[in-house]
Amino acid sequence: MNVLVLGSGGREHALVWKLRESQLTDDIFCAPGNPGIAQVAECFPVDLSNPAAMLQLAEELKADLTVVGPEAPLVAGVVDEFQSAGRRIVGPTKAAAQLEGSKIFAKEFMHRNAIPTARFAVVDDYETGMKFLPEFGLPVVIKADGLAAGKGVVVARHLDEAEKALNDFLVRKSLGDAGGQVVIEECLAGEELSFIVLAGTLGWLPLVPSQDHKAAFDNDQGPNTGGMGAYSDDSILPEELRQEIVGRVIEPTLAGMAAEGMPYQGFLYVGLMLTGEGPKVLEYNVRMGDPEAQPIVMRLRSDLCEMLLASLDGQLAVVGARWSPNPAVCVVLASKGYPGKSETGKVITGIDAAESLGGVKVFHAGTVFRDKQLLTSGGRVLGVTATGEDLPKTIEQAYSAVSKVHFDGMHYRRDIGAKGLRRLKTTNETQHPDNQAGNPSPAL
Ligand code: AMP
């Protein structure tokens, strides 16, 4: 089979890398791709906002299967375009992709289907927004309706921040049409968790649990980013919580979309806050997360191509998914300035040395190959991903690999997976109370 992957980030590099292992694939193509992907797949330029152009490329390449990484092509309708031409593609239709493409659609959908989420109001002018603010207290969350590449959500701790966000989105139109309407939302407290499933024409499969690190700096400080790292470990999701999320969120979401005439297919990412009142949905993404995809894919033992085909053929329950019990950790290396304006054009060294460590893979995101050198070309540059026998050792291995890589201005979080370590410690102490004071658990 010829397989085409659409996208150019670390998530797509991970997908291509895994598809390479498949017994079912012949040629693997990626568009537009990046220099890391180009080592394992032929890359082609394409406009990810133009469904007709993507279909034309797939036809030229005789792609038997296309996998969509990012949200923009899905929201633009690439799946509908392929389906009407009879070409196989994994992802939701334009109608179903509104779950991510419009925060208002997602909130109203959840409201209609009694899916737990934060209280909200929809406003389309500044004055109405200001009137609503007191109803939500502080902090309050202001979200632009449309796609905004991670810049559309403001968690305002003070009234002036909330006013500024409303003014930026609704008056100054800082995000253009994407901010023309706004959701004002109650701020939820708790720990965040991502739950990602692969939904097929019949049935769905959960992927292993993962946790993202959105803030730029350690201890969740600083501005929000596209994601500074992620880890996947089974301890993230105790069975009881898993069942609660499946029963209260996943099943009603998939059933609701089908009942409303928009059956959902493809990866569905549900961002959750684990509140005192149970899990509540923060957001839907109609794709795998980036960087969550990197550690998740690293743990996959099944043939990814077979799983994707099974999702289209109504065979997910038959094919299933096999996972490594070992955790995986991805540390994102970012350019100076990120998430603001980032430096580019810096020489990158040390990837081979990092990958020579056992269980390590470095996925490319913002890189470019120019004048025989690998250079930085974006905010998030690389995702250094490791897998190992337990979480402490895996974190250690990921950071040993990070220490081999260098580019000027490189910054990264030093606490990826730390919440997982704390969770393990608490569980250990609860299970072995004698171990507590001054006697750290052997796992740590
Ligand atoms: P979203 O794109 O809607 O997930 O928002 C991005 C990030 O903003 C989330 O990962 C949370 O960290 C934060 N966030 C969004 N909505 C809320 C909320 N209602 N309460 C607290 N934090 C939120």
Side-chain angles (χ1 to χ4, degrees), residues 5 7 9-19 21-22 67-71 74 90-92 99-100 192-213 227 229-239 241-247 249-251 253-254 264-272 274 279 281-312 315-330 361 363 383 385 387 391 394 417 420:
V5 176
R11 165 185 50 212
E12 289 75 29
H13 190 181
L15 289 170
V16 167
W17 173 78
K18 190 69 196 172
L19 285 165
E21 281 179 10
S22 166
V67 189
V68 191
E71 64 279 17
L74 296 165
V90 176
L99 278 181
E100 178 165 5
E192 285 186 48
L193 173 80
S194 327
F195 196 97
I196 310 178
V197 304
L198 173 60
T201 47
L202 196 64
W204 59 275
L205 275 182
L207 308 190
V208 281
S210 60
Q211 203 164 31
D212 187 13
H213 297 64
Y231 70 104
S232 171
D233 182 30
D234 291 340
S235 69
I236 293 174
L237 192 61
E239 183 53 27
L241 178 59
R242 197 186 81 86
Q243 282 178 17
E244 191 178 2
I245 294 171
V246 168
V249 176
I250 304 297
E251 282 173 348
T253 299
L254 296 174
Y264 193 95
Q265 282 181 42
F267 292 104
L268 177 66
Y269 170 126
V270 187
L272 297 154
L274 305 179
V281 178
L282 292 176
E283 64 167 337
Y284 290 109
N285 290 333
V286 294
R287 50 179 166 90
M288 288 179 93
D290 184 342
E292 290 94 323
Q294 290 85 314
I296 289 175
V297 163
M298 203 123 173
R299 294 187 60 195
L300 182 63
R301 281 190 178 154
S302 298
D303 183 325
L304 177 59
C305 188
E306 188 184 19
M307 263 172 76
L308 296 172
L309 286 174
S311 78
L312 297 177
Q315 296 292 314
L316 272 182
V318 179
V319 167
R322 282 174 299 108
W323 300 95
S324 162
N326 294 342
V329 173
C330 171
K361 178 70 199 161
F363 296 112
T385 312
T387 182
L391 191 58
T394 307

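Along the sequence shown, the residues carry numbers beginning at 1.
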- request: Check side chain to side chain donor-acceptor pair (under 3.5 Å) between T253 and all other residues, then give those that pass, not counting sequence neighbours.
  value: Y284
task: With rounding to the nearest 0.5 Å, note down the distance linking SG in C330 to CG in D290.
output: 8.0 Å
- request: Spell out, as yes or no, whether a donor-acceptor pair under 3.5 Å connects the side chain of S235 to the backbone of D233.
  value: no
- request: Specify the closest pair of heavy atoms between I236 and P238, including all atoms of both residues, with the distance to one decimal.
  value: O-CD, 3.5 Å
- prompt: Tell me the side chain to side chain donor-acceptor pair (under 3.5 Å) pairs involving residues 9-19, sequence neighbours left out?
  reply: K18-E21
Show me the donor-acceptor pairs, under 3.5 Å and distance only, between side chains in residues 199-212 and residues at least two apart or in other chains.
{"from": "T201", "atom 1": "OG1", "to": "S311", "atom 2": "O", "distance (Å)": "3.4"}
{"from": "T201", "atom 1": "OG1", "to": "L312", "atom 2": "O", "distance (Å)": "3.4"}
{"from": "T201", "atom 1": "OG1", "to": "G314", "atom 2": "N", "distance (Å)": "3.0"}
{"from": "Q211", "atom 1": "OE1", "to": "Y231", "atom 2": "OH", "distance (Å)": "2.5"}
{"from": "Q211", "atom 1": "OE1", "to": "R423", "atom 2": "NH2", "distance (Å)": "3.3"}
{"from": "Q211", "atom 1": "NE2", "to": "E191", "atom 2": "OE2", "distance (Å)": "2.8"}
{"from": "Q211", "atom 1": "NE2", "to": "E192", "atom 2": "O", "distance (Å)": "2.7"}
{"from": "D212", "atom 1": "OD2", "to": "K214", "atom 2": "NZ", "distance (Å)": "3.0"}

message: Main chain of A328, side chain of T394: is a donor-acceptor contact present, judged purely on distance under 3.5 Å?
response: no
- request: Could you tell me which residues satisfy side chain to side chain donor-acceptor pair (under 3.5 Å) with Y264, sequence neighbours excluded, listed by chain and number?
  value: none
message: Does anything in residues 297-307 form a salt bridge (charged side-chain N to carboxylate O under 4.0 Å, His left out)? List the pairs, not counting sequence neighbours.
response: D234-R299
Derivation and outcome, side chain to side chain contact (heavy atoms under 4.5 Å, CB included), residues F267 and V197: CA-CA 6 Å; F267 292 104; V197 304; over 6 Å; no
task: Hey, could you give me the CG/CG distance between L274 and L193, rounded to the nearest 0.5 Å?
output: 5.0 Å
field: Which atom of L74 lies closest to which atom of G91, heavy atoms considered
entry: CD2-CA, 4.0 Å
message: Nearest 0.5 Å, please: how far is CZ in F363 from CE in M298?
response: 6.0 Å
- prompt: Between atom CG of L272 and atom CG of L282, what is the distance when rounded to the nearest 0.5 Å?
  reply: 7.0 Å
task: Considering non-hydrogen atoms only, spot the tightest contact between P295 and A230 and give its length.
output: CG-O, 3.8 Å
- request: With side chain to side chain contact (heavy atoms under 4.5 Å, CB included) as the test, would you mind laying out the steps for L254 and L268 before giving the verdict?
  value: CA-CA 10 Å; L254 296 174; L268 177 66; 4.2 Å; yes
message: Are the side chains of T385 and V297 in contact, using a 4.5 Å heavy-atom criterion?
response: no
query: Can you tell me how far the CG atom of L198 sits from the CG atom of L304, to the nearest 0.5 Å?
result: 8.5 Å
task: Apply side chain to side chain donor-acceptor pair (under 3.5 Å) to R242 and list each qualifying residue two or more places apart in sequence or on a separate chain.
output: E239
message: Walk me through whether I245 and V270 qualify under side chain to side chain contact (heavy atoms under 4.5 Å, CB included).
response: CA-CA 10 Å; I245 294 171; V270 187; over 6 Å; no
query: In Å and rounded to the nearest 0.5 Å, what is the OG to CD distance from S194 to E283?
result: 8.0 Å
field: With sequence neighbours excluded, residues passing side chain to side chain donor-acceptor pair (under 3.5 Å) with E100
entry: R287
